Every structure is written in structure tokens, then in C-alpha cells.
There are 4 protein chains.
Amino acid sequence: MFELDIRSRKPIYEQLVERLKELIITEVLKIDEQLPSVRTLAQQLTINPNTIQKAYRELEIQGYIYSIKGKGSFVSSANDSQNTEKLHKVKNDLIKLLSEAMYLGVTAEELITIIEEIQASIGGGIEHDQN
Amino acid sequence: MFELDIRSRKPIYEQLVERLKELIITEVLKIDEQLPSVRTLAQQLTINPNTIQKAYRELEIQGYIYSIKGKGSFVSSANDSQNTEKLHKVKNDLIKLLSEAMYLGVTAEELITIIEEIQASIGGGIEHDQN
Amino acid sequence: MFELDIRSRKPIYEQLVERLKELIITEVLKIDEQLPSVRTLAQQLTINPNTIQKAYRELEIQGYIYSIKGKGSFVSSANDSQNTEKLHKVKNDLIKLLSEAMYLGVTAEELITIIEEIQASIGGGIEHDQN
Amino acid sequence: MFELDIRSRKPIYEQLVERLKELIITEVLKIDEQLPSVRTLAQQLTINPNTIQKAYRELEIQGYIYSIKGKGSFVSSANDSQNTEKLHKVKNDLIKLLSEAMYLGVTAEELITIIEEIQASIGGGIEHDQN
DNA sequence: GTGGTCTAGACCACA
DNA sequence: GTGGTCTAGACCACT
């Protein structure tokens with residue numbers, strides 16, 4: 001379920017954040033569903049609990065999850081107040097990446113096809129090309 | 001022209017790489033055009049020449065520029081052999097980012113509009129018959 | 001173990017890269033084995049840590065090792081995607097060097113002997129059934 | 001005849017040295033044949049005469065050509081005194097490169113085929129894969 | 001004057 | 001403790 005690449009240059013906690021976001025976005029993890037506890041996950045993945053902790057904290061900051069002391073961490077509903085700024089950031093990143101892709105030769109048609117596929121996969125919860 | 005955020009978590013040299021890529025992609029910097037010299041740019045931005053050089057070296061590795069000892073650094077024409085793997089990476093990143101954007105409520109229509117705008121901005125910078 | 005020639009025209013970091021490649025190729029350093037830390041090696045060789053790091057970074061780019069912040073640097077298993085282009089480069093270099101050697105009077109027989117010796121030294125370093 | 005890559009990281013004078021060596025080795029340039037004058041070549045290639053000068057000096061040091069003041073530069077016969085040490089160096093380089101090639105998956109058979117091809121091309125003065 | 005290498009020494013981020 | 005970034009300042013190689 002969590003395919004962490006220990007060899008990647010990307011810090012482990014960032015990989016975790018990314019992966020968990022993905023699971024939330026594709027609604028594998030539903031709203032208010034409880035995430036595995038820090039310790040459990042640390043054991044499962046055989047990595048340092050501090051690293052899990054850091055990932056959860058980051059997700060909380062970004063508004064994807066919320067934590068209740070003594071109970072655990074839960075998937076947050078896509079809340080509105082934070083969305084505005086996140087949207088802004090994501091759009092900016094998107095423009096950069098789309099520019100680069102097109103500079104490298106990806107056509108507008110290809111991009112539209114990709115968009116349509118994603119649209120379908122989000123709506124339906126279909127499986128997703130693995131990383 | 002170069003808005004560096006010295007306080008950012010993102011390393012200065014990476015910011016530089018990103019910014020210069022942008023200028024190359026949007027063809028503000030044309031193929032074979034000379035970049036500012038390491039020392040000149042360092043003075044302009046009041047950062048260490050080594051940092052500039054690190055950025056230039058990274059751009060060279062990524063195939064965006066080439067540097068010649070004693071002459072200077074120049075914009076490279078898109079290299080085909082490197083493009084294949086870069087394309088793969090960019091597409092993967094794109095899928096992630098597009099998913100996130102659509103989860104946050106960006107519609108397919110909006111995305112297509114963005115794509116068309118980018119297409120115009122890249123295609124419009126130079127003569128049309130160059131293709 | 002590392003015979004660096006501080007006076008050589010060849011940069012220290014390149015000498016290091018070459019030497020470490022050798023150790024990896026001859027499997028003195030095995031896959032996933034940890035390399036000496038940047039600082040340790042710097043002390044041992046009495047050269048600047050930055051120089052070691054530059055060498056390690058170069059080896060990482062070339063796909064021979066991978067580095068993880070906070071953990072260390074490790075020997076990478078041969079990466080396929082990079083191999084194709086590296087192979088091409090190495091073959092070209094080989095043709096040049098072989099031509100030169102034969103011009104200088106090395107016979108084909110001698111070369112074949114050398115090849116067989118290398119084959120033995122690479123293949124013989126580890127268990128036989130690993131192939 | 002001289003395909004210099006101004007964009008290459010390899011200094012121009014080194015490219016020249018390499019290319020001229022190649023022409024001598026493949027006997028396109030015969031023993032005692034006169035090389036183009038520094039100025040002529042500089043004009044032809046539109047590069048700085050100093051750069052040509054440096055290449056010729058290097059070739060002279062390595063024993064591939066000899067220069068006579070006021071007359072020009074000429075291809076030297078493969079002389080013996082220098083050959084011994086050159087041979088040693090070339091063999092060492094060869095071992096490194098062959099090891100790397102085999103580590104990357106080139107088989108002994110392939111290498112032998114390459115050797116046979118080169119042997120044929122040197123003996124006969126056949127054309128040579130460019131660069 | 002150009003890029004490239006190296007040092008000494010400080011500081012940050014990750015596990 | 002690990003790797004990674006940055007600075008200040010020196011020196012080399014190439015054109």
C-alpha cells in the first residue's frame with residue numbers, strides 16, 4: 001500500500017505526504033476515516049516514528065487531515081478556507097509544469113487526453129498508474 | 001528579472017535553475033544566446049559565484065544550457081536523447097498535479113483554457129515557419 | 001586504498017569518482033553497501049568535505065551510488081535506463097582507445113587475453129550462482 | 001574533415017588533438033606528410049590560432065608529429081622510445097574502460113568482434129565510424 | 001575575462 | 001550523526 005523508495009533523493013516524510021494525499025484525493029481514504037497510528041505505521045514500514053509524525057504534521061498543516069489528541073488522525077473534508085490559497089499554488093505549479101511539458105514536445109491533444117483520464121478516475125475511484 | 005527568495009526553504013541554486021528554465025522555455029532566452037557570466041550574475045544578485053555555478057552546472061546536466069571554459073554559458077537546443085526520460089518524469093508529475101488540482105475543484109474546462117494560453121505564449125514568441 | 005595525486009591536472013573529485021567506480025565495478029564495494037561518510041573520508045584523505053561531496057554527487061548522477069540525507073551514501077544497483085546511453089559512450093571511447101592501442105603495436109591476441117583476465121576478475125569476486 | 005563540437009565540454013584543443021591522432025592512426029595522414037599550417041587551419045575552422053598551436057604542441061609532446069621551424073609540422077613515424085610509456089598508459093586506460101564496459105553488460109564476444117573490426121580498419125585504411 | 005576547482009568554516013534538514 | 005547548501009576568497013585552465 002505504501003511503496004516508499006528508500007533510495008529516492010526525496011525525503012521519506014515527503015514521499016509519505018505525497019502518497020497519503022494521493023490516497024485521500026482518489027478517495028481510497030474517505031472523509032473522517034482514521035489513519036493508521038504513528039507507531040503502527042512506523043512498525044509496518046520499518047521507519048522511524050518521528051518520520052511518520054512529521055508527515056502527519058505536514059498533512060495537517062496542508063489541511064488534508066486533522067488530529068485529535070489521544071484518538072488519532074483522520075481524513076479532513078476538503079475545507080474551503082485553505083483551498084483558495086492552495087488552488088493558487090497548484091495552478092501556478094501547473095502552469096510551470098505544463099509549459100515544460102509542451103516545450104519538451106507534448107501536444108495539447110495529449111494533455112487533454114490525460115485530463116480526461118484523470119477526470120474519469122477521480123469520479124469513479126478507478127485504480128491508478130503506480131507512481 | 002530574477003526574484004530570488006533568500007529565506008525560502010528551496011535552495012537558491014534551485015530557484016535559479018527553475019527561473020532560468022522558465023526563461024528558456026518561454027524563449028526569452030533564445031537558443032545559443034549567451035547567459036550572463038557567473039561572476040556578473042553573482043554580483044547582480046549579490047550571491048556567491050559558486051552558487052550561480054552550481055545552478056549553471058545543474059542546467060547543463062539537465063540539457064538546457066552548455067558552458068565553455070573561457071567563453072561563457074549558452075542556451076542549448078533541446079536535446080533528444082535526454083528528452084525521452086525527462087518527458088516521462090514530467091508526465092508523471094503532471095498526472096499527480098492535475099489530480100490534485102481537480103480534487104481541489106479545478107474543472108477540465110479551466111485546465112484546457114490554461115493549456116491553450118500556454119500554447120499561445122510558447123508558439124507566439126518566434127516566427128511561425130520555424131516549425 | 002585511495003591513492004590521490006594532489007598535484008595531478010585531473011581534479012581531485014574526478015580522481016575520487018574514478019577510483020570509487022573502480023571499487024564498485026570490481027565489487028569490492030557491494031550493492032547497498034554504505035560508503036564512508038563525507039566527513040570521515042574527508043578526514044582520512046585530508047581533503048575538504050565539499051570535494052568529497054562533489055565526487056559523491058557526480059557518482060549519484062552517473063547512477064553508481066545513491067545518497068540519503070541523514071543516513072549516508074550507498075552503492076546503487078546498476079540502473080537500466082541510464083545504462084543504455086552510458087553503454088553507447090563507453091563503446092565509442094573503447095573504439096578510440098583500442099585503435100590507439102593497436103596502432104601502438106598491441107596485438108589482438110594480447111587484447112583478448114586482457115579481456116579474459118578482466119572477465120575473471122569481475123565474475124570471480126562473488127558467488128557463482130548469483131548469475 | 002574536422003568536426004569540432006564547439007558546445008562540447010571537452011576543450012577545443014583536446015578535440016583537435018584527438019581528431020588528428022585519429023587521422024594519423026588510421027593513416028589518412030601518412031608519415032612525414034605535412035599538416036596544415038596553424039594559420040590556415042585556424043582560418044578554416046574559424047578558431048583562435050593559439051588553440052591550434054596548443055594542439056600541435058601537445059601532439060608533438062606525445063610524439064605524433066614533429067615541427068620544423070620555418071617549415072611546418074609533419075607526421076612523425078611511430079617512434080619507439082616514447083612508445084613504451086605510452087603503451088603502458090594506454091593499456092591501463094584500456095583495462096579501466098573494458099572493466100566498465102563489461103560491468104555495464106558488454107560481453108567478451110562483443111568486445112572481440114569490435115577488436116576484429118578495428119584490426120581490419122587499421123590494416124586496410126577503411127573508413128571509420130565518425131567520432 | 002570566461003568557466004571550473006578547492007578550501008575553510010558556518011549552518012540547515014533529515015533520521 | 002548523516003548529506004546538502006552557502007559564503008568568501010584563492011587559484012587554475014581555456015580562449
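From a predicted model like this one, the values you see are computed outputs, not experimental measurements. So you know, we letter chains A, B, ... as the sequences are listed, proteins then strands, and number each from 1.
Side-chain to base pairing of B:Arg39 with E:dG3: one donor and one acceptor N or O lie within less than 3.5 Å of each other. On a pure distance criterion of 3.5 Å, a polar donor-acceptor pair joins the side chain of C:Asn50 and the base of E:dG9.
Remark on DNA chain E: of its neighbouring residues A:Glu14 and B:Lys69, the 5'-side contact belongs to B:Lys69, judged by nearest-heavy-atom nucleotide. Position along DNA chain F of the nearest nucleotide to C:Val38 versus D:Asn48 favours C:Val38 as the more 5'-ward residue. Between B:Lys71 and C:Gly70, the residue anchored nearer the 5' end of DNA chain F, judged by the nucleotide with its closest heavy atom, is C:Gly70. With DNA chain E read from its 5' end, the first of the two nearest nucleotides for B:Pro36 and C:Ile6 is the one closest to B:Pro36.
Side-chain N/O atoms of D:Tyr13 include one lying less than 4.0 angstrom from OP1 or OP2 on F:dC14. At the phosphate of E:dG1, neither OP1 nor OP2 sits under 4.0 Å from any side-chain N or O atom of B:Ser37. Within the structure, a side-chain polar atom (N or O) of C:Thr51 is placed less than 4.0 Å from OP1 or OP2 of E:dT7. Distances shorter than 4.0 Å separate none of the side-chain N or O atoms of B:Gln53 from OP1 or OP2 on E:dG3. Under 4.0 angstrom from either OP1 or OP2 of F:dT5 there lies no side-chain N or O belonging to B:Arg9. Phosphate proximity of F:dG3 to C:Ser67: absent, as no side-chain N or O sits under 4.0 Å from OP1 or OP2. Dashed line: the shortest gap from a side-chain N or O of C:Tyr56 to OP1 or OP2 of F:dG3 is not under 4.0 Å. The phosphate of F:dT5 has OP1 or OP2 within less than 4.0 Å of a side-chain N or O from B:Lys54.
Across all strands, D:Ile47 comes closer than 4.0 Å to no nucleic acid atom at all (heavy-atom distances).
With rounding to the nearest 0.5 angstrom, the CG atom of A:Leu59 is 8.5 Å from the OH atom of A:Tyr56.
Here E:dG4 presents its P atom at 10 Å from CD1 of B:Ile68, a figure rounded to the nearest Å. At whole-Å resolution of the value, CD in B:Gln34 and P in E:dG3 are 7 Å apart. One interatomic measurement links the two molecules: CD of A:Glu58 to C1' of E:dC14, which rounds to 14 Å at whole-angstrom precision. Per the geometry, CG belonging to B:Leu45 stands 14 Å off P belonging to F:dA8, to the nearest Å. For the pair C:Ile12 CD1 and F:dA10 P, the computed distance is 19 Å after rounding to whole Å. Distance, C:Ile52 CD1 to F:dT2 C1': 15 Å, rounded to whole Å. Between the NZ atom of C:Lys10 and the P atom of E:dT5 there is a distance of 13 Å, given to the nearest Å. Between C:Gln15 atom CD and E:dC6 atom C1' the separation is 13 Å, expressed in whole Å.
Between A:Glu100 and B:Asp93, the closest side-chain pair of non-hydrogen atoms is not below 4.5 Å.
A donor-acceptor pair is defined here as one N or O able to donate and one able to accept, closer than 3.5 Å; no such pair exists between the side chain of B:Glu58 and the backbone of B:Glu14. With hydrogens and angles disregarded, no donor-acceptor distance shorter than 3.5 Å links the side chain of A:Gln53 to the backbone of A:Val38. For D:Lys86 (side chain) and D:Gln62 (main-chain N/O), a donor-acceptor pair under 3.5 Å exists by modelled atom type.
Remark: E:dC14 base-pairs with F:dG1; criterion is Watson-Crick or G-U wobble with both hydrogen-bond distances under 3.5 Å.
A salt bridge between B:Glu18 and B:Lys21 is absent, with no side-chain N of the basic residue lying under 4.0 Å from a carboxylate O of the acidic one.
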